[in-house]
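Below is one structure, written out as C-alpha cells, with a few remarks after it.
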Amino acid sequence: MKDYWQNAVNFEEYLSITAERIHQNPNKNDEHQEYYELGLQRMNRTLKTFKVDETLLSELKNRNFNGKILMISEPWCGDASATVPAVAKFFETAGNEVKIFLRDSDTSLIDQYLTNGGQAIPIVLLLNEDFTVKNVWGPRPKHGTELLKKFKQNPEIYSIDDFHNDLQVYYAKNRGKDIIEEIVNLL
C-alpha cells in the first residue's frame, strides 16, 4: 500500500489536476471531459458548505486513529465531488494525512476494492500507521446506495436522471455529514 500512497496526491494537487483537465487535458480523448467542470463546481460547493462536526471529531480522537486516509477517486465522479473534499477537510482537521490515488492512472489498486464487480469510486481506505488497511468505505453513503438500489429495481419508474438528481440533492443538503459519520464508525 505504501507504493500507492507515494504515487497519490494531496487534495490541493487533486483540485489542480481537475482545473488542468478542464482547460488543457493532456488526454484529448478523455470520455469524462464534460464532467470535470461540474465536478470542480460540486467540490467547491462541498468545501463551502461542509462544516467539521466537533462531536465526530471528538469521537475520532477517542478512537485513537493515528493512521492515514487514502482515497481512490477521479475528479469527474459525481459521488467523489461530495466525498473527497469532506473527507479531506475532516481528517486533515483531525491531524491525519490524506491523499488521493487517481483510479485511472493505475487500476491495480481499485481492482482490489471492486463494488459488485465494478471499479466504483470513491473508495476510502483507512490505513494504519504501517500502511496496512484497517477498513474500507465507499463508494457512496448508505442513503446513496439505497437510491441506486431503487433505480436498479425499477428504472422505468425511477429513471437514471431521477437517481442522479436525487443523489446530488441529497449530497447538497447532507453536506458530507453521513459520509464522515459512516467512516468514523468504521474505526
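Quick caveat: nothing in here was measured; it's all calculated off a predicted structure.
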query: So among Leu114, Leu109, Ile72, which one has a side chain to side chain contact (heavy atoms under 4.5 Å, CB included) with Ile123?
result: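 Testing Ile123 for a side chain to side chain contact (heavy atoms under 4.5 Å, CB included) against Leu114, Leu109, Ile72 leaves exactly one candidate, Ile72.
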What's the spacing between [X] [atom1] and [Y] [atom2] if we round to 0.5 Å?
X: Thr145; Y: Arg140; atom1: OG1; atom2: CZ; value: 5.5 Å
X: Ile179; Y: Lys177; atom1: CD1; atom2: NZ; value: 12.0 Å
X: Leu15; Y: Asn44; atom1: CG; atom2: CG; value: 6.5 Å
X: Thr93; Y: Leu56; atom1: OG1; atom2: CG; value: 12.0 Å
X: Leu38; Y: Met43; atom1: CG; atom2: CE; value: 10.0 Å
X: Leu186; Y: Trp137; atom1: CG; atom2: CH2; value: 9.5 Å

Compile the donor-acceptor pairs under 3.5 Å between side chains in residues 148-158 and protein atoms, sequence neighbours left out, one pair per line.
| residue | atom | partner | partner atom | Å |
| --- | --- | --- | --- | --- |
| Tyr158 | OH | Asp166 | OD2 | 2.8 |

task: Sorted by first residue and then second, give each ring-ring contact (aromatic ring centres under 6.0 Å, His included) pair with at least one member in residues 166-187; sequence neighbours left out.
output: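 Those involving residues 166-187 are His143-Tyr170.
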field: Pairs flagged by ring-ring contact (aromatic ring centres under 6.0 Å, His included) wherever residues 98-122 is involved - sequence neighbours left out
entry: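 Residue pairs passing ring-ring contact (aromatic ring centres under 6.0 Å, His included), neighbours aside: Tyr4-Phe101.
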Look at the side chain of [X] and the backbone N and O of [Y], then say whether any donor-acceptor pair between them is shorter than 3.5 Å.
X: Gln6; Y: Asp3; result: no
X: Asp178; Y: Lys142; result: no
X: Lys89; Y: Leu47; result: yes
X: Glu74; Y: Arg103; result: yes
X: Asn128; Y: Gly67; result: no
X: Thr46; Y: Ser81; result: yes
X: Gln33; Y: Asn29; result: no

query: Checking side-chain contact (heavy atoms from CB on, under 4.5 Å) for the pair Asp104/Trp76: CA distance, chi angles, key distance, verdict?
result: CA-CA 11 Å; Asp104 298 343; Trp76 49 259; 3.5 Å; yes
- request: Find out if a path of hydrophobic residues (ILVMFWY) with successive side-chain heavy-atom gaps under 4.5 Å connects Leu147 to Ile160.
  value: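 They do share one cluster, since a chain of ILVMFWY contacts under 4.5 Å joins Leu147 to Ile160.
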message: Starting from Leu187, can I reach Leu70 by hopping between I/L/V/M/F/W/Y residues whose side chains sit under 4.5 Å apart?
response: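 Looking at the clustering, Leu187 is in the same group as Leu70.
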- request: State whether the number of non-hydrogen atoms from other residues, nucleotides or ligands found under 6.0 Å of Phe11 atom CZ is greater than 12.
  value: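 Count over threshold, so yes.
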query: So, Asp79 and Thr83: side-chain donor and acceptor under 3.5 Å apart, yes or no?
result: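 There is no such pair between these side chains.
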field: Test item: side-chain donor near acceptor, Asp161 and Ser159, under 3.5 Å
entry: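 Distance-only check fails for Asp161 and Ser159.
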Residue pair [X] / [Y]: nearest heavy atoms and the distance that separates them:
X: Glu12; Y: Asn10; value: N-OD1, 3.0 Å
X: Asn25; Y: Arg21; value: CB-O, 3.3 Å
X: Ala80; Y: Pro122; value: N-CD, 3.7 Å
X: Ser73; Y: Ile121; value: C-CD1, 3.9 Å
X: Ala120; Y: Ile110; value: O-CD1, 3.6 Å
X: Tyr14; Y: Thr18; value: O-OG1, 2.8 Å

All salt bridge (charged side-chain N to carboxylate O under 4.0 Å, His left out) counterparts of Arg42, not counting sequence neighbours: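 Arg42: no salt bridge (charged side-chain N to carboxylate O under 4.0 Å, His left out) contacts found.
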Beyond-backbone contact of [X] with [Y], side-chain heavy atoms, under 4.5 angstrom:
X: Val98; Y: Phe90; result: no
X: Phe50; Y: Ile180; result: yes
X: Val133; Y: Leu127; result: yes
X: Ile69; Y: Leu126; result: yes
X: Met1; Y: Thr132; result: no
X: Leu102; Y: Pro75; result: yes

- prompt: Could you give all pairs that pass the salt bridge (charged side-chain N to carboxylate O under 4.0 Å, His left out) test and reach residues 48-61, with sequence neighbours left out?
  reply: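 Only Glu59-Arg63 qualify under salt bridge (charged side-chain N to carboxylate O under 4.0 Å, His left out).
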message: Applying side-chain contact (heavy atoms from CB on, under 4.5 Å), can you list everything that pairs with Asn66, at least two apart in sequence or on another chain?
response: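 side-chain contact (heavy atoms from CB on, under 4.5 Å) check on Asn66 returns Glu129.
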- request: Starting from the C-alpha separation in whole Å, work towards a yes-or-no answer on side-chain contact (heavy atoms from CB on, under 4.5 Å) for Asn96 and Leu60.
  value: CA-CA 11 Å; Asn96 300 96; Leu60 175 65; 3.9 Å; yes
